[in-house]
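So that the names make sense, note that chain A is the first sequence line, chain B the second, and so on, each numbered from 1. Computed from a predicted model, the values in this text were never measured in an experiment.
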Amino acid sequence: MLKNLKLQKKHGLYIPLIGMAIFYLLPMYVMLATGFKSFAEVDLKTMWNLPQGIAFDNYIEAYAKLAPSLWSSAKMVVPAALISSMLGSLNGFILAKWKFKGADIIFPLILFGMFIPYQSILIPFVQFMNAVGLTGIPGLIIAHVIYGIPITTLTFRNYYASLPQELLEAAKIDGADMLGIYRHILLPISMPSFVVVLIWQFTSAWNDFLFAVILTSNTDWPVTVALNNMAGSQIISWNVQMAGSLLAALPTLLVYILLGRYFLRGLLAGSLKG
Amino acid sequence: MNKNKDRYLSIILISPSILAVLIFVYGFIGWSIRVSLSDWKGLNPNYTWAGSKNYLALFSDPRFHVDIRNTLIFTGVFVIGSIVLGFILAVMLDQGLKGEGIFRSIFLFPMAISYIVTGVVWRWLMNPAEGSRMSGLNLLFDSLNLDFLVNRWHTTPIWGMAAIAIAAIWQMSGYTMALYLAGLRAIPHELREAARIDGASEFQIYRRIILPLLTPISLSALIILGHMSLKVFDLIIAIAGKQLPLDVPAIYMWQTTFDGLFYSRGAAIGILLLISVAVLIIPYIRYTLKAED
């Protein structure tokens, strides 16, 4: 009887939960519904109505405008994520298992780099990158790799530090050297951390705007910059902007839907709570 | 012998990363500080010593005062909103309801999206047009007979930043939810049971036992969200472009540096931002690393 009452009380929670879910999904609904309307049907006054049929006008037009920048983003994000995760793994391994003198000072110094406002390094950064001729997509890859070192190192360090030291000691007795231990013992069991870091770097590089707007021009704009310009222009109508937003969000959304668990772990690592 | 070899090898392998961080973070900060103390205005670098001139100019600059006010409004609404909402969502999800995973995914998905996409969509949701041109959320409120909610969003004088903060709450509250949920799961069930047996009400349990136990998480959320709000840039650009009523230090820095070529002034803004972030983050890093040992 009492248990039943408690259960009923709990079921009452579905009302606020569903209400909140609607709040979170509202922007998604507008993006999707608008995207699937035909040009004839699009009107700000009926933006909350469901589409009367399924049309692709908006997506086709948005894709025609955004395709080059979607490719720019892809070309930048894949190498940035791969290089970042390999560097992070190596750094994390060394910091966790081969403590050298000064490691306790170096690690917090690296961590701080994760939180700095990039406005405080932007002027030297632009001067430097221009001076060495590293602009466009290659420059962006380097920016994401270098400013990604703190988070990737942290994620791997925490993972490797959680592994028992005996694992290494046994290998050492068998005569394995540092690189041998890394390659044959740690690397094969690092897959989950690689997924976390790959997703994290993929998402943050794909979503970045500040470095993108500063290092690229209209020939190689990543999609965030292209979408923002599209939204700022008076000629491109709101419905195409909505469809474009969905196209720009789709890659990271798919990653989130497929690998949400790992995404969450990266998120918690980013607050030093991994 | 072998041990020494490994030691050298590990130093050699990690030094490129350390060097990169030293140069790209600390070297560039130093360089920015130098620029902020110069007279550099125009395309060509000019490192003539100007002392604290740029900082003093900012402190008496009306635009910078607007920036500080806007940052305070944004930070207040965004941080409090995200923490309260995140906590409530986490508590509801912690009750062991069916479908918890689906709700969690829904609350968290905005985190995967860029500020630019969020901004472009919310720009249309928060369309301030009135009368027959009404659209977005105002139209929704109007048709649901919730007229009192119809408002001018980010075009509201002074409090416009609060509307931008709503979009930011939409994006980030799932993150605080995830933090709190992880914290709630770590609290042993026996603790609640014991309190219940002692006759404590559910509200008392949360108020007296759970909330205090979650203090470290609330602190983390406060600091992480607080430092994010100091850096807010993309979201405002995508919702409203660069306009004075919604100006913040990051946008001022951008405009004065790259549009106005006033490099020394821009560098000073960047350094002030860095100092305000450092005040939050350095104690946080020290505290977290100490707790780890």
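- Looking at every heavy atom in both residues, B/Ser135 comes nearest to A/Met47 through CB-SD, 4.0 Å.
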Criterion ring pair (Phe, Tyr, Trp, His ring centres under 6.0 Å) on A/Tyr24 and B/Phe107, from CA distance to verdict: CA-CA 6 Å; A/Tyr24 284 91; B/Phe107 300 151; 5.1 Å; yes
Verdict with reasoning, B/Leu137 to A/Leu26, per side-chain contact (heavy atoms from CB on, under 4.5 Å): CA-CA 10 Å; B/Leu137 287 171; A/Leu26 220 50; 3.8 Å; yes
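- Of all heavy-atom pairs spanning B/Ala250 and A/Gln119, the tightest one is CB-NE2, 3.3 Å.
- Here the closest heavy-atom approach between residue B/Gly266 and residue A/Ile123 is recorded as C-CD1, 4.2 Å.
- Around CG of B/Leu144, the count of heavy atoms belonging to other residues, nucleotides or ligands within 6.0 Å exceeds 12.
- A/Leu87 and B/Ser17 get closest at one heavy-atom pair: CD2-OG, 3.5 Å.
- Of the atoms belonging to A/Phe112, heavy atoms from both backbone and side chain fall under 4.5 Å from chain B.
- Checking side-chain atoms of A/Trp48 against main-chain N and O of B/Gly136 turns up a donor-acceptor pair under 3.5 Å.
- For chain B, the nearby parts of A/Met20 are the backbone and the side chain; heavy atoms of each come within less than 4.5 Å.
- Atoms CG and OH, on B/Leu97 and A/Tyr14 in that order, are 4.5 Å from each other to the nearest 0.5 Å.
- If you measure heavy-atom distances from A/Ile149 to chain B, the contacts under 4.5 Å come from the side chain alone.
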Apply side-chain contact (heavy atoms from CB on, under 4.5 Å) to the pair A/Phe115 and B/Ile282, showing each step before the final yes or no. CA-CA 10 Å; A/Phe115 298 102; B/Ile282 290 176; over 6 Å; no
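- Heavy atoms of other residues, nucleotides or ligands lying less than 6.0 angstrom from OH of A/Tyr29 number more than 12.
- Minimum interatomic distance between B/Leu139 and A/Leu44 (heavy atoms only, all atoms of both residues): CD2-O, 4.0 Å.
- Interface with chain A: from residues 22-29 of chain B, residues B/Phe24, B/Val25, B/Tyr26, B/Phe28, B/Ile29 qualify, criterion being any non-hydrogen pair under 4.5 Å.
- Atom CG of A/Leu179 sits about 4.5 Å away from atom CG of B/Leu9, to the nearest 0.5 Å.
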